[in-house]
Amino acid sequence: MQHRPLQHWLMKSEPGVFGIEHLQNMPEQRDHWDGIRNYQARNFMRDQMSLGDPIFFYHSNCPQPGVTGTMEVVRTAYPDFTAWDPTSHYFDPKSSPQNPRWVMVDVQFRSRFKRVVRLQEMKACPELADMRLLQRGNRLSILPVTPKQWVFILNLAA
DNA sequence: GCCAACGTTGGC
DNA sequence: GCCAACGTTGGC
């Protein structure tokens, strides 16, 4: 049952670590979004992400940063078990199964844009001036997107 | 590789 | 609770 309008999101990932093609190649084209170690980003997942929420897949820290496609929330927040694995890059000794500190969601691939909607391009659009992604000094890896911004970027990609 | 802009940690 | 030191993100 849908009790609220869909909230749109943008999630960043480094394509060299996990790019959109990695998600496309996963079984059923879905995966858990692990490794979020920032409280604000965690709270977005924990408190505000719902089943079916649409998400932009953003490639960061690469030659052409930008939005590359879309995905969707298919499982809401649950403990990020990579925090409990001492061999994991994302290990956090302060998190435990009894008292998990970090959460993740599961996402499913929806579409891949014919071309990357580059950061540089979005910065040049007055329609996107209020986008949180474009605000000064922003480093959050999970960000809300307004419905208008969502549609505008989809149109850029088309 | 540089570095601005943040977030986190921990001594006090 | 302050804040200096340190770590990280991510564009360039």
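Below, read A as the first sequence line, B as the second, and so on, with proteins coming before strands; counting in each chain starts at 1. The structure displayed is predicted, hence computed values, not measured ones. Just so it is clear, the values below take in all heavy atoms, side chains as well, and ignore hydrogens, waters and symmetry mates.
The aromatic rings of A:His32 and A:Phe81 sit perpendicular to each other, their planes meeting at more than 60°, with 30° as the lower class boundary.
Reading DNA chain C from its 5' end, the first and the last nucleotide to sit under 4.0 Å from a heavy atom of chain A are C:dG7 to C:dC12.
Remark: the backbone N or O of A:Arg110 is not paired with any side-chain donor or acceptor of A:Thr70 at under 3.5 angstrom. In this structure, the side chain of A:Asp53 engages the main chain of A:Gln7 through a donor-acceptor pair within 3.5 Å.
Contacts of A:Arg136 with the nucleic acid, taken as non-hydrogen atoms under 4.0 Å apart, involve only primed sugar atoms and P, OP1 or OP2.
Between the side chains of A:Arg101 and A:Tyr39, at least one donor-acceptor pair of N or O atoms lies under 3.5 Å.
For the pair A:Gly137 and A:Tyr39, both in contact range of DNA chain B, the more 5′-proximal nearest nucleotide belongs to A:Gly137.
Among residues two or more places apart in sequence or in another chain, the ring-ring contact (aromatic ring centres under 6.0 Å, His included) test is passed with A:Trp84 by none.
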